[in-house]
Amino acid sequence: MSVWLLSFTEEGFALARRLAEGLRGKAARCGAPLGLAEWTDRAWEESEALVFVGAAGIAVRAIAPHVRSKAADPAVVVVDEGGRFAVPILSGHLGGANDLARKIAALCGAEPVITTATDVRGVFAVDEWAKRQNCRVENPEAIRRVSAKVLSGGTIGVFSPWPIAGRPPEHAAPVPEEACDVLLTIRRAERDCLRLIPAAAVLGVGCKKGAPLAALEAAFVALLNAGGLHPLAFAKVCSIDRKREEPGLLDFCAAYGFALETYSAQKLQAVEGSFSSSDFVQGVMGVDNVCERSAVLGSGGTLLVKRQAGGGVTMAAALAPVRLDWRWNDG
């Protein structure tokens, strides 16, 4: 987690620097050189967590114009200058603010002030569980309904096509798909339940030199349709080394927030499996297939969607092993 810390006084800056060292973050003092609004603008876009060392009111006013949803907002924590309290004020579960407050407390001896209802009651928090299992939430508005069932003493039904290791916590139980309150899937679904998407799919890409962003986006939509896959299932893009600086591919990765990994032709050719083969690609790239081989190599798993071609772009999808357990907190 990339953490940016902002302080307002000399004493606060000393604490911010100490916390930044422990969190491997970046500490700043307001006005040197960025003011509060400018710092918040940049931190909101470039970091995963904002820590304000100062008054909670200052933090609330600074972040107010940026707040969108619990599925998208970064973690925000406030620490008083004396290092007595660490208070998560935004994205406690999905953004990781509660865990960050606990880490800050351990570093400076503060008391973590956790106010989310499931934490206060010590019951299963489905959004915190989703984050720990590397799942994305398709419909975050359903979290409230599921959490309300837990807080009222009920048991939520969870369906996963992958095994979930360990013993289910109180208030959660595995059930058939048709009876679930929570569905784990990498595919598009219309069920009226909380839908969690494991970020386990890898997109393999090959493209002509100069392929524009629009062509890559169109190819991605076609691949999603061919496999019935959900875009939130994808965490990274893989390709051949020769495409490492391809402008359209870099624009595509930036637009969708994908990491890009590339491999040599020799590594791709050594990948075992049954792949589509092209003599033309072999002659140009030194490997008979880029998209399928890079997807499998990058995932360490199995091919989901074979080579799809169009507009000077080829794409394939592979699935990394999905490993789940019932852990939802550090207890």
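Because only heavy atoms are used, hydrogens play no part in the values below, and waters and symmetry mates are left out as well, while side chains stay in. Bear in mind the structure is a predicted one, so any value in this text is a computation, not a measurement.
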R29 (side chain) donor-acceptor with L6 (main chain) under 3.5 angstrom: no

NE2 on H230 to CZ on R195, rounded to 0.5 Å: 7.5 Å

Donor-acceptor under 3.5 Å (N289 side chain, S276 main chain): yes

Interatomic spacing from CD in E45 to OG1 in T40 - rounded to 0.5 Å: 11.5 Å

Same cluster (ILVMFWY, side-chain, under 4.5 Å), V77 and V113: no

Worked verdict on F159 versus D181 for side-chain contact (heavy atoms from CB on, under 4.5 Å): CA-CA 8 Å; F159 174 78; D181 300 290; over 6 Å; no

Note, D192 side chain near R145 side chain (heavy atom, < 4.5 Å): yes

Flag if over 12 foreign heavy atoms under 6.0 Å of CZ, R17: yes

Euclidean distance, I58 CD1 relative to C30 SG, rounded to 0.5 Å: 8.0 Å

Gap between atom CG of L304 and atom CG of L319 - 0.5 Å precision: 5.0 Å

Donor-acceptor under 3.5 Å (D325 side chain, R327 main chain): yes

pair V126-F124: side-chain heavy atoms closer than 4.5 Å: yes

Under 3.5 Å side-chain donor-acceptor pair for E81 and T9: yes

SB check E292 K306 (cutoff 4.0 Å): yes

Pair L34-R42, side-chain contact (heavy atoms from CB on, under 4.5 Å): steps then yes or no: CA-CA 10 Å; L34 298 179; R42 285 190 57 183; 3.8 Å; yes

Heavy atoms of other groups near Q282 CD, more than 12 under 6.0 Å: yes

Aromatic ring proximity F220/F234, centre distance under 6.0 Å: yes

N-O pairing of D127 and R132 below 4.0 Å: no

Cluster link F85 to V79, ILVMFWY, side chain under 4.5 Å: no

Y263/C238 under side-chain contact (heavy atoms from CB on, under 4.5 Å): CA gap, chis, key distance, verdict: CA-CA 8 Å; Y263 311 101; C238 295; 3.6 Å; yes

Common cluster, M285/L203, ILVMFWY with side-chain heavy-atom separation under 4.5 Å: no

Any side-chain donor near an acceptor of the partner, S91 and D73, under 3.5 Å: no

Pairs satisfying side chain to side chain donor-acceptor pair (under 3.5 Å), at least one member in residues 104-118, at least two apart: N98-T116, T116-D119

Hphob cluster co-occupancy, M1 + L94, side-chain heavy atoms under 4.5 angstrom: no

Whether S2 side chain and E48 backbone form a donor-acceptor pair below 3.5 Å: yes

S147 side chain vs R144 backbone, donor-acceptor pair below 3.5 Å: no

Whether F258 and Y256 hold their rings parallel, tilted or perpendicular, with breakpoints at 30° and 60°: parallel

Shortest non-hydrogen separation from V53 to F8 and the atoms involved: O-CD1, 3.4 Å

Expected output: side-chain K243 to main-chain L249 donor-acceptor under 3.5 Å: no

Heavy-atom check, side chain of E46 versus side chain of W4, under 4.5 Å: yes

Sub-4.5 Å side-chain heavy-atom contact between D80 and F52: no

ILVMFWY network linking L23 to V78, side-chain heavy atoms under 4.5 angstrom: no

E170 atom CD, neighbour heavy-atom count above 12 within 6.0 Å: no

Side-chain hydrophobic cluster, 4.5 Å single linkage: members besides I197: L232

Value rounded to 0.5 Å, distance of OG in S160 from CG in L184: 4.5 Å

Side-chain donor or acceptor of K236 paired with backbone N/O of G298 under 3.5 Å: yes

Qualifying ring-ring contact (aromatic ring centres under 6.0 Å, His included) pairs with a residue from residues 53-77, counting only residues at least two apart or across chains: W44-H66

Any V296 side-chain heavy atom under 4.5 Å of F275 side chain: yes

Side-chain touch L250/E245, heavy atoms, less than 4.5 angstrom: yes

Note: D288-R293 ion pair, threshold 4.0 Å (strictly below): yes

L194 side chain near L183 side chain, heavy-atom distance below 4.5 Å: no

Heavy-atom closest pair, residues A86 and A101: CB-O, 3.7 Å

Nearest-0.5 Å distance, CG of residue L50 to CH2 of residue W39: 4.0 Å

Min side-chain heavy-atom separation V158-W326 under 4.5 Å: yes

Side-chain (S7) to main-chain (A28) donor-acceptor, under 3.5 angstrom: yes

Pair N225-R188, side-chain donor/acceptor within less than 3.5 Å: yes

Working for side-chain contact (heavy atoms from CB on, under 4.5 Å), residues V60 and I89: CA-CA 8 Å; V60 169; I89 63 171; 4.2 Å; yes

Neighbour count >12 (heavy atoms, 6.0 Å) for atom CZ, R191: yes

Any donor-acceptor pair under 3.5 Å from N139 side chain to C193 backbone: yes

Side-chain (S264) to main-chain (K267) donor-acceptor, under 3.5 angstrom: yes

